[in-house]
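First the structure, in the form of structure tokens, and then the observations on it.
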Amino acid sequence: MNARRYTFLDLKTVNSPFAEKIDEALLRVAASGRYIGGPEVDSFENELAQSCGADCCVGVANGLDALRLIFRAYIELGVMKRGDEVIVPANTYIASVLAVSDNGLVPVFAEPDAATMNLDTSRLGKYLTDRTRAVMTVHLYGRTCFDSALTCFAKQHGLKIVEDNAQAIGATTADGMRRTGALGDAAAFSFYPTKNIGALGDAGAVTTSDRDLAAAVRALANYGSDRRYHNIYVGLNSRLDPVQAAVLRVKLPFIDEENAYRRSIAATYNSEILNPAVVKPLFVGDGSMVWHQYVVRTNSRDDFRAYLSDNGVQTDVLYPTSPFDQPCYSRLYNPDCPIARDIARTVVSLPVSRCTSETDAREIAAIINSYNPGAK
């Protein structure tokens, strides 16, 4: 039994280095008199677009809405119609799938690659039908999922590539030349407080270099209005709050520093964890992985987590159930996805945020190396 405690994530600790600047940002918004839209939102949109290399950015209320609005905009623009299909990774968070089905589109669950736990782009042809209109690439756990197989497949079949970039802000292609958020035709960001940079509540954004799509997303997110009291779509209210925009403006310049820190913790785990009962994630030291989660796999997950908890190590599981096995979808879908189900059964996330020091990571690795499955 270890007397030390290793926190998985504590948002007060994460935000403390920014506390003074966040306070200044909150006071600035309060004093501005602009509580919907305004210069904070405009500036954040410009800064995020520039950061990832996209031409346009639209701030929205949350990451789910960012994805929902992309597909809704494509429908309004005549690119897609209800009943069309979107290929989605079978082991993503359920929000990726909700955004598809909420628009009357049909999710087609595709198996991940067992090593990367990202979409297996080499097998996309297996899921293609005459109704396929898009592929959603999810940069799961902070690992970029984008390669020539994906782009060639999309180009050959006239498909849109939609990035779910909720977990990989600041990640790049393997050559470091392009960033997530500007790889496909459109991308959705989440700034949920637990992300690599998080707001003080819900917040999201859409980035794209398609100006027509950006205009449609912006109108749809503002009651379907392209100008005051002129509604061209049956829209909704999903605007980025200026308070959250101001907070995100404080954090955005530090995203590369944050991701570099996470890489250092991941590198320590990678070199120090030696227990054959625990499968480490495929390690890359380049910018194509920003380690939103450091995810190991084990066939004795409950036992492993209990052992770590007894030794002071907090863990999490993202995600214990594949979306197609959730009650809301299991009545509709039962895809042949044994890899996705096996991933859901075996994954465990270790601490990897600013709450974890290099010393913590080494000590956690030592605790893991002493783990004996089934031992009492």
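The figures that follow rest on heavy atoms only: side chains count, while hydrogens, waters and symmetry mates do not.
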Flag, side chain of [X] to backbone of [Y], donor-acceptor distance under 3.5 Å:
X	Y	value
Asp84	Lys81	yes
Arg68	Asn103	no
Ser309	Arg305	no
Asp185	Val162	no
Asn46	Asp42	yes
Thr173	Arg178	yes
Glu45	Gly59	yes
Glu111	Ala340	yes
Tyr93	Leu318	no
Asp226	Ile232	no

Donor + acceptor pair across side chains of [X], [Y] (<3.5 Å):
X	Y	value
Asp303	Tyr371	yes
Tyr307	Ser300	no
Asn222	Arg239	yes
Thr180	Glu163	no
Arg345	Asn299	yes

Could you tell me whether the side chain of [Y] reaches within less than 4.5 Å of the side chain of [X], counting heavy atoms only?
X	Y	answer
Leu350	Ile368	yes
Phe304	Val296	yes
Thr7	Thr13	no
Lys251	Lys195	no
Thr92	Met136	no
Phe8	Ser349	yes
Tyr141	Pro281	no
Thr132	Tyr127	no

Of all the heavy-atom pairs spanning [X] and [Y], show the shortest one and how long it is.
X	Y	value
Gly170	Arg179	CA-NH1, 3.5 Å
Ala186	Tyr74	CB-OH, 4.3 Å
Val41	Pro242	CG2-CA, 3.8 Å
Ile339	Pro112	CG2-O, 3.7 Å
Gly201	Pro193	O-CD, 3.4 Å
Ala361	Thr268	CB-CG2, 3.8 Å

Residue pair Ser288, Asp286: steps toward the side chain to side chain donor-acceptor pair (under 3.5 Å) verdict: CA-CA 6 Å; Ser288 65; Asp286 60 29; 2.4 Å; yes
Apply the test side chain to side chain contact (heavy atoms under 4.5 Å, CB included) to residues Tyr329 and Ile94: give CA-CA distance (whole Å), side-chain angles for both, the deciding distance (0.1 Å), then the verdict. CA-CA 10 Å; Tyr329 286 125; Ile94 197 168; 3.8 Å; yes
For the [atom1] atom of [X] and the [atom2] atom of [Y], what is their distance to the nearest 0.5 Å?
X	Y	atom1	atom2	result
His157	Thr129	NE2	OG1	11.0 Å
Asn270	Lys280	CG	NZ	4.5 Å
Phe146	Thr172	CZ	OG1	12.5 Å
Leu9	Lys12	CG	NZ	14.5 Å
Asp202	Tyr192	CG	OH	7.0 Å
Leu124	Ile87	CG	CD1	5.5 Å

Would you say [Y] ends up clustered with [X] if hydrophobic residues are merged whenever their side chains have heavy atoms under 4.5 Å apart, either directly or through other cluster members?
X	Y	value
Ile273	Met289	yes
Val60	Ile169	no
Leu77	Val234	no
Phe189	Leu183	no
Val106	Ile75	yes

Would Glu258 and Arg262 pass as an ion pair if we require N to O under 4.0 Å?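 Result for this pair is yes, salt bridge flagged.
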Any carboxylate oxygen within less than 4.0 angstrom of a Lys/Arg side-chain nitrogen, looking at Arg4 and Glu363?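 Salt bridge present between Arg4 and Glu363.
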Answer yes if the ring centres of Trp291 and Tyr261 are under 6.0 angstrom apart, and no otherwise.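 No, they do not, as the ring centres are separated by 6.0 Å or more.
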Around atom OH of Tyr233, are there more than 12 heavy atoms of other residues, nucleotides or ligands at under 6.0 Å?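 Atom OH in Tyr233 is crowded, with more than 12 foreign heavy atoms closer than 6.0 Å.
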What's in the same ILVMFWY side-chain cluster as Leu274, cut-off under 4.5 Å, chained through other members?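 Hydrophobic cluster check, Leu274: no partners found.
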Steps toward side chain to side chain contact (heavy atoms under 4.5 Å, CB included) verdict (Ile70, Lys160): CA-CA 11 Å; Ile70 289 170; Lys160 297 296 184 183; over 6 Å; no
Atom pairs and distances, side-chain donor-acceptor, residues 47-57, under 3.5 Å, sequence neighbours left out:
unit_1	atom_1	unit_2	atom_2	d
Glu47	OE1	Arg249	NE	3.1
Glu47	OE2	Arg249	NE	3.2
Glu47	OE2	Arg249	NH2	2.9

Tell me, please, which residues at least two apart from Phe71 pass ring pair (Phe, Tyr, Trp, His ring centres under 6.0 Å).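 Phe71 satisfies ring pair (Phe, Tyr, Trp, His ring centres under 6.0 Å) with no other residue.
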Apply the test side chain to side chain contact (heavy atoms under 4.5 Å, CB included) to residues Val138 and Leu119: give CA-CA distance (whole Å), side-chain angles for both, the deciding distance (0.1 Å), then the verdict. CA-CA 7 Å; Val138 179; Leu119 184 68; over 6 Å; no
Apply side chain to side chain contact (heavy atoms under 4.5 Å, CB included) to Phe153 and Asp147, showing your working. CA-CA 10 Å; Phe153 178 79; Asp147 57 20; over 6 Å; no
